[in-house]
Colleague: 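Following this message is one structure expressed as structure tokens.
Fair warning: this is a prediction, and the values are worked out from it, not measured in the lab.
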Amino acid sequence: MPLPRLMVIAKAPVAGRSKTRLCPPCSPEQAAELAEAALVDTLDAVSRTDCGGRTIVLEGAPGDWLPEGFDIIPQVEGGLDDRLAGAFSQIGGPALLIGMDTPQVDPGLLEDSLSRMDGSDDAVLGLCPDGGYWAIGMNEFHPGAFDRVPMSTERTGEIQLERLRELGLSVGMLPEVGDIDYFEDARLVAREFPDSAFGDAVRRMEANLCPS
């Protein structure tokens, strides 16, 4: 079986549009800076991962944060469920999709995740502690895979898993990874991964945060 393609679904980091749940204590400009740092770390990890190709599924315009070697496809219109379905439909399969909210991922984790898609499982899913999920992969696109899955709730991951199984897919579970929604999440990741671009960005701005 060919190695799956790695996809990153992302927004171009723009003040006022990126990581708005970090505000406060971050200003919109600081939130965009953290979003860019998270994207830099995520794309670097994907660049160093052995896979069947790299794609960024992008809302907005690419910037100098985008390394060479990535295909760019635009996000489709609609909610996150529509955009996820659109990404998989454009790629076909097999593919593993991650977001830009887990800058702590590394090539080892990504390669282990891809290896779960060697034919023993039809799909893989990596849950987050807050009830969402950080990664989803399918060996082929299944229309309806995201139907009736509410996004950004404490049951999103659970319902997504149920939906995949409703389609008759065997689902391999990936390690749980925490994502970054609020500034305390950012602090935790920065402490755990201090030598990252994201860790540097958090440390630079901690003394200059807006009052809560």
Colleague: Between F146 and R163, is there a side-chain heavy-atom distance shorter than 4.5 Å?
Modeller: no
Colleague: With respect to M151, which candidate in I159, D82, L80 satisfies the side-chain contact (heavy atoms from CB on, under 4.5 Å) definition?
Modeller: L80
Colleague: Membership question, hydrophobic clusters at under 4.5 Å side-chain separation (ILVMFWY): are Y133 and I180 in the same one?
Modeller: no
Colleague: E111 pairs by side-chain contact (heavy atoms from CB on, under 4.5 Å) with which of L6, D50, D106?
Modeller: D50
Colleague: Looking only at non-hydrogen atoms, find the nearest pair between P28 and G16 and report the distance.
Modeller: CB-N, 3.6 Å
Colleague: Distance from F70 atom CZ to S47 atom OG, nearest 0.5 Å?
Modeller: 4.0 Å
Colleague: Tell me whether M100 shares a hydrophobic cluster with W65, the cluster being built from Ile, Leu, Val, Met, Phe, Trp, Tyr side chains joined at under 4.5 Å.
Modeller: yes
Colleague: If we ignore angles and hydrogens, is there a donor and acceptor under 3.5 Å between the side chains of S170 and D122?
Modeller: yes
Colleague: Write down the atom of A87, the atom of L97, and the distance for their closest heavy-atom approach.
Modeller: CB-CD1, 3.9 Å
Colleague: If you count heavy atoms of other groups shown closer than 6.0 angstrom to CZ of R17, is the number above 12?
Modeller: no
Colleague: If you round to the nearest 0.5 Å, how far is CG of L109 from CD1 of I98?
Modeller: 8.5 Å
Colleague: Hey, could you give me the CE/CG distance between M173 and L161, rounded to the nearest 0.5 Å?
Modeller: 5.0 Å
Colleague: Examine L39 and L110 and state if one hydrophobic cluster contains both, with Ile, Leu, Val, Met, Phe, Trp and Tyr joined whenever side-chain heavy atoms are less than 4.5 Å apart.
Modeller: yes
Colleague: Under a 3.5 Å distance rule, please check whether Q75 uses its side chain to pair with a backbone N or O of V57 as donor and acceptor.
Modeller: yes
Colleague: If we only count heavy atoms from C-beta on, is the D101 to W134 side-chain gap below 4.5 Å?
Modeller: no
Colleague: Is any side-chain heavy atom of Q30 closer than 4.5 Å to a side-chain heavy atom of L22?
Modeller: no
Colleague: Restricting to side-chain hydrogen bond (donor to acceptor under 3.5 Å, both in side chains), what partner residues turn up for T55, sequence neighbours left out?
Modeller: R5
Colleague: Any side-chain heavy atom of I91 sitting closer than 4.5 Å to one from M7?
Modeller: yes
Colleague: I9, M138: one ILVMFWY side-chain cluster at the under-4.5 Å cut-off?
Modeller: yes
Colleague: Are side-chain heavy atoms of L114 and T49 found at a separation under 4.5 Å?
Modeller: yes
Colleague: Using side-chain heavy atoms (C-beta onward) and a distance below 4.5 Å, is C128 in contact with V177?
Modeller: no
Colleague: Do S113 and V124 make a side-chain contact, defined as non-hydrogen atoms from C-beta onward lying under 4.5 Å apart?
Modeller: no
Colleague: Can you name the nearest heavy-atom pair linking A201 to E33, along with the distance?
Modeller: CB-OE2, 4.3 Å
Colleague: Quick check: closest heavy atoms across A35 and S18, and the distance to 0.1 Å?
Modeller: CB-CB, 3.8 Å
Colleague: So, does D147 use its side chain to make a donor-acceptor pair with the main chain of V149 at under 3.5 Å?
Modeller: no
Colleague: For the atom pair CG (L167) and CD (E162), what is the distance rounded to the nearest 0.5 Å?
Modeller: 12.0 Å
Colleague: Would you say the side-chain atoms of K11 pair up with the backbone N or O of K19, donor to acceptor, closer than 3.5 Å?
Modeller: no
Colleague: With sequence neighbours excluded, tell me which residues meet side-chain hydrogen bond (donor to acceptor under 3.5 Å, both in side chains) with T153.
Modeller: T156
Colleague: Going by atom type alone, with no hydrogens or angles, which donor-acceptor pairs under 3.5 Å involve a side-chain atom of residues 184-192 and a protein atom two or more places apart or on another chain?
Modeller:
unit_1, atom_1, unit_2, atom_2, d
D185, OD2, D181, N, 3.0
D185, OD2, Y182, N, 2.8
R187, NE, E206, OE2, 2.7

Colleague: Quick one: does any side-chain atom of S196 pair with a main-chain N or O of G199 as donor and acceptor, under 3.5 Å?
Modeller: yes
Colleague: Got L164 and I136 here, is their nearest side-chain heavy-atom distance under 4.5 Å?
Modeller: yes
Colleague: How far apart are the closest heavy atoms of C51 and P4, and which atoms are they?
Modeller: CB-O, 3.6 Å
Colleague: Tell me which pairs pass side-chain hydrogen bond (donor to acceptor under 3.5 Å, both in side chains) where either residue lies in residues 35-44, with sequence neighbours left out.
Modeller: D44-R48
Colleague: Would a hydrophobic clustering, with Ile, Leu, Val, Met, Phe, Trp and Tyr connected at side-chain separations under 4.5 Å, put L58 with I73?
Modeller: no
Colleague: E140: which residues meet the salt bridge (Lys or Arg N to Asp or Glu O under 4.0 Å) condition with it, sequence neighbours left out?
Modeller: none
Colleague: Please check if the side chain of N139 supplies one atom and the backbone of D121 the other of a donor-acceptor pair under 3.5 Å.
Modeller: yes
Colleague: What are the two closest non-hydrogen atoms of P129 and E176, and how far apart are they?
Modeller: CG-OE1, 3.5 Å
Colleague: Which value, rounded to the nearest 0.5 Å, describes the distance between E158 atom CD and L125 atom CG?
Modeller: 11.5 Å
Colleague: Can you name the residues that form a salt bridge (Lys or Arg N to Asp or Glu O under 4.0 Å) with D200, not counting sequence neighbours?
Modeller: R203
